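Note that this is a predicted model, so its numbers are computed, not measured.
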Amino acid sequence: ASLLRALSSGGSITSPPLSPALPKYKLADYRYGREEMLALFLKDNKIPSDLLDKEFLPILQEEPLPPLALVPFTEEEQRLQ
């Protein structure tokens, strides 16, 4: 109600002071950009032996999927762009 009163009486509303440009959360010590992450992908990498356990076999596949950034768009996807 006080906001409406200030607006109707011609008073100006001042915005709260800006907070310093500190992030609200701590950034990771080791951060990687898109190109750095794509450079880590090696098509011919073998499955690590630690993952050849019975626990992981249901979700493993011999050929790794390439990162989507390296997969060309289909004709339909290009049309929709």
Side-chain angles (χ1 to χ4, degrees):
S2 62
L3 173 64
L4 289 175
R5 232 178 273 128
L7 288 174
S8 63
S9 65
S12 65
I13 303 296
T14 59
S15 53
L18 295 175
S19 60
L22 295 174
K24 294 178 183 176
Y25 49 89
K26 184 183 180 315
L27 296 174
D29 292 331
Y30 302 100
R31 298 185 328 163
Y32 301 94
R34 179 180 185 268
E35 287 76 23
E36 292 164 311
M37 292 301 291
L38 289 173
L40 294 174
F41 175 73
L42 299 172
K43 183 175 174 49
D44 297 326
N45 258 3
K46 300 293 179 223
I47 297 171
S49 59
D50 296 354
L51 294 180
L52 293 175
D53 189 333
K54 278 192 273 182
E55 182 181 354
F56 295 106
L57 285 178
I59 61 170
L60 285 179
Q61 58 186 52
E62 287 297 318
E63 276 296 309
L65 294 174
L68 287 177
L70 300 178
V71 176
F73 287 121
T74 65
E75 286 182 31
E76 183 179 353
E77 290 170 332
Q78 288 176 1
R79 233 184 7 258
L80 293 173
Q81 285 269 345

Beyond-backbone contact of L57 with L51, side-chain heavy atoms, under 4.5 angstrom: no
Mind checking salt bridge (Lys or Arg N to Asp or Glu O under 4.0 Å) for D29 and listing every partner two or more places apart, or none if nothing turns up? K26
Cluster overlap F73 with V71, hydrophobic side-chain contacts below 4.5 Å: no
Scan residues 64-73 for pairs that pass salt bridge (Lys or Arg N to Asp or Glu O under 4.0 Å), counting only residues two or more places apart or in two chains. none
To the nearest 0.5 Å, atom CG of L60 lies from atom CD of E55 at 10.5 Å
Only counting residues at least two apart or in another chain, list the ones meeting side chain to side chain donor-acceptor pair (under 3.5 Å) with D50. none
Rounded to the nearest 0.5 Å, how far does CG of L68 lie from CG of L38? 10.0 Å
K43: salt bridge (Lys or Arg N to Asp or Glu O under 4.0 Å) partners, not counting sequence neighbours: E63
Residue list, side-chain contact (heavy atoms from CB on, under 4.5 Å) with R31, at least two apart or on another chain: L27, A28
Shared hydrophobic cluster for F41 and M37 (ILVMFWY, side-chain gaps under 4.5 Å): no
Atom CD of E36 with >12 non-hydrogen neighbours under 6.0 angstrom: yes
Could you tell me which residues satisfy side chain to side chain donor-acceptor pair (under 3.5 Å) with T74, sequence neighbours excluded, listed by chain and number? E77
How long is the gap from CD on E62 to NZ on K46, to the nearest 0.5 Å? 8.5 Å
